[in-house]
Amino acid sequence: MSTITTRRTRRSEEELRALALEGSLLDDTDAVAVARWAAETFPGTLAVACSMAEGVLPHLVSQHAPGVDVLFLETGYHFADTIGTRARVAGELDVTVVDVRPELTVAEQDVRFGPRLHDRDPAACCAMRKMEPLARTLAGYEAWVTGVRRDEAPTRTHTPLVTFDEKHGLVKVNPLVTWSLDDVTAYAINNAVPVNLLLSDGYPSIGCEPCTRQVAPGDDPRSGRWAGLSKTECGIHE
């Protein structure tokens, strides 16, 4: 597990809100410029969130912030291919991968709440294994960068380029909001970025193994997440 790099003292909420407003005025079609702005505006206090579907976002940001912290939510339920992609991102890119872990191991959670909580109460499982650990970790940063795109799902259509994240109390930057999956794929190919093999095996959106299914060609890319349930988001980007 990588250690989090030394960071300077966080600026006030008022200052961060002003910076979020500044960033919101950037061109949302220029991901490179947005990544550069984030690196220059938050030196030493910037984190990149990555699900390890591929390493595009870590690569993009690391061009302007070498060694940037890349937060990986290590839920204990990932596909082997996702863990393999995480290892490649850590080994091949100029980043510091930080494994963000829940308070309880899967075995400890099973003892306390019963086996396969994700089947009975996926919202509770996501809260414990994703949302709480992420919130705890983000408290040490001024800004985080995510790979959310507007074309991923109806719930993400109006995702802003840069905003103040009220839930976590820091600036949230989404440089890829206007990109398509084809744009992400092209960037990965052109820059020899690690890509999760599941993407080419019917998994356009990759989460925890028990809650992710293959998607038929042409279907909503996120329809394989929590298939058969009304749940469409883990809660992180809601």
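Everything quoted here is computed from the prediction, not taken from an experiment.
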Asker: So, does E74 use its side chain to make a donor-acceptor pair with the main chain of G76 at under 3.5 Å?
Answerer: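 Checking the backbone N and O of G76 against the side chain of E74, a donor-acceptor pair under 3.5 Å is found.
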Asker: Would you say E142's side chain and R11's backbone share a donor-acceptor pair under 3.5 angstrom?
Answerer: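 Looks like yes, one N/O pair under 3.5 Å.
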Asker: Atom NE2 of H168 and atom CE of M131: how far apart are they, to the nearest 0.5 Å?
Answerer: 6.5 Å
Asker: Determine yes or no for a side-chain-to-main-chain donor-acceptor pair under 3.5 angstrom, with E22 supplying the side chain and A18 the backbone.
Answerer: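 Here the side-chain-to-backbone pair does not exist.
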Asker: Does L117 reach the side chain of C125, with side-chain heavy atoms less than 4.5 Å apart?
Answerer: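 A side-chain contact under 4.5 Å exists here.
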Asker: Which heavy-atom pair separates D94 from P66 by the least distance, and what is that distance?
Answerer: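 Taking D94 first and P66 second, the nearest heavy atoms are OD2-CB, 3.2 Å.
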Asker: Step by step, work out the side-chain contact (heavy atoms from CB on, under 4.5 Å) result for R10 and L16.
Answerer: CA-CA 9 Å; R10 279 173 51 113; L16 294 179; 3.9 Å; yes
Asker: Is there side-chain contact between L138 and L71, with heavy atoms separated by less than 4.5 Å?
Answerer: yes
Asker: Does E13 reach the main-chain N or O of G169 with its side chain, forming a donor-acceptor pair under 3.5 Å?
Answerer: no
Asker: With rounding to the nearest 0.5 Å, note down the distance linking CG in L181 to CG in L199.
Answerer: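 One gets 7.0 Å once the value is rounded to the nearest 0.5 Å.
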Asker: Can you tell me how far apart CD (E152) and OG (S180) are? Round to the nearest 0.5 Å.
Answerer: 11.0 Å
Asker: Between the side chain of D81 and the main-chain N/O of N196, is any donor-acceptor distance below 3.5 Å?
Answerer: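 No, because the side chain of D81 does not come within donor-acceptor range (under 3.5 Å) of the backbone of N196.
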Asker: Once you round to the nearest 0.5 Å, how far does OG of S24 lie from CG of L161?
Answerer: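 One finds 8.0 Å between OG of S24 and CG of L161.
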Asker: Applying side-chain contact (heavy atoms from CB on, under 4.5 Å) to V95 and V48, what does each step give before you reach the verdict?
Answerer: CA-CA 10 Å; V95 301; V48 177; over 6 Å; no
Asker: Same cluster or not: L93 versus L197, using hydrophobic residues (I, L, V, M, F, W, Y) connected whenever any side-chain heavy atoms lie under 4.5 Å apart?
Answerer: no
Asker: Would a distance-only check, ignoring hydrogens and angles, find a side-chain to backbone donor-acceptor pair under 3.5 Å from N191 to V56?
Answerer: no
Asker: What is the ring orientation for Y187 with W179, classed by angle as parallel under 30°, tilted 30 to 60°, or perpendicular over 60°?
Answerer: tilted
Asker: What about V145 and V32, same hydrophobic cluster or not, with Ile/Leu/Val/Met/Phe/Trp/Tyr joined at side-chain heavy-atom distances under 4.5 Å?
Answerer: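 Yes, V145 and V32 fall within the same hydrophobic cluster.
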Asker: Do F164 and V34 land in one hydrophobic cluster if side-chain heavy atoms of ILVMFWY residues count as linked below 4.5 Å?
Answerer: yes
Asker: Going hydrophobic residue to hydrophobic residue with side-chain gaps under 4.5 angstrom, can you get from L198 over to V195?
Answerer: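 The answer is yes; both residues are in one hydrophobic cluster.
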Asker: Any donor-acceptor pair under 3.5 Å linking the side chain of T212 with the backbone of I206?
Answerer: no
Asker: Less than 4.0 angstrom from a charged side-chain N to a carboxylate O is my criterion; do E103 and R136 meet it?
Answerer: yes
Asker: What distance do F113 atom CZ and H118 atom NE2 have between them, rounded to the nearest 0.5 Å?
Answerer: 14.0 Å
Asker: Which heavy atom in T146 sits nearest to a heavy atom in P175, and how many Å separate them?
Answerer: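 Nearest pair, atom of T146 first, then P175: O-CD, 3.5 Å.
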Asker: Do D110 side-chain atoms and A107 backbone N/O form a donor-acceptor pair below 3.5 Å?
Answerer: no
Asker: Apply side-chain contact (heavy atoms from CB on, under 4.5 Å) to residues V193 and L60 and explain how you reach the verdict.
Answerer: CA-CA 10 Å; V193 171; L60 176 67; over 6 Å; no
Asker: Closest heavy-atom contact between M128 and P102?
Answerer: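 That would be O-CB, 3.5 Å.
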Asker: Do you know the tightest heavy-atom contact between T75 and C208?
Answerer: OG1-SG, 3.1 Å
Asker: Donor-acceptor check, side chain of T178 to backbone of D28, threshold 3.5 angstrom: yes or no?
Answerer: yes
Asker: Please round to the nearest 0.5 Å and tell me the distance separating atom NZ of K172 and atom OG1 of T159.
Answerer: 7.0 Å
Asker: H78 side chain to L73 main-chain N or O, any donor-acceptor pair under 3.5 Å?
Answerer: yes
Asker: Step by step, would you call I83 with F72 a side-chain contact (heavy atoms from CB on, under 4.5 Å)?
Answerer: CA-CA 10 Å; I83 299 301; F72 173 58; 4.1 Å; yes
Asker: Taking atom CD of E166 as the centre, does the number of heavy atoms from other residues, nucleotides or ligands within less than 6.0 Å exceed 12?
Answerer: yes
Asker: Is there a continuous path of hydrophobic side-chain contacts, each under 4.5 Å between heavy atoms, that joins V184 to V70?
Answerer: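 Yes; V70 is reachable from V184 via cluster members.
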Asker: Any donor-acceptor pair under 3.5 Å linking the side-chain atoms of D182 with those of T185?
Answerer: no
Asker: What heavy-atom pair brings T96 and G67 nearest, and what distance separates the two atoms?
Answerer: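 Taking every non-hydrogen atom into account, OG1-O, 3.0 Å.
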Asker: Going by side-chain heavy atoms closer than 4.5 Å, which hydrophobic residues are tied to Y77, directly or by a chain of links?
Answerer: V106
Asker: For L170 and Y141, which heavy atoms make the closest approach, and how far apart are they?
Answerer: CD1-O, 3.8 Å
Asker: Among pairs that include at least one residue of residues 35-64, which meet salt bridge (charged side-chain N to carboxylate O under 4.0 Å, His left out), considering only residues two or more places apart or in two chains?
Answerer: none
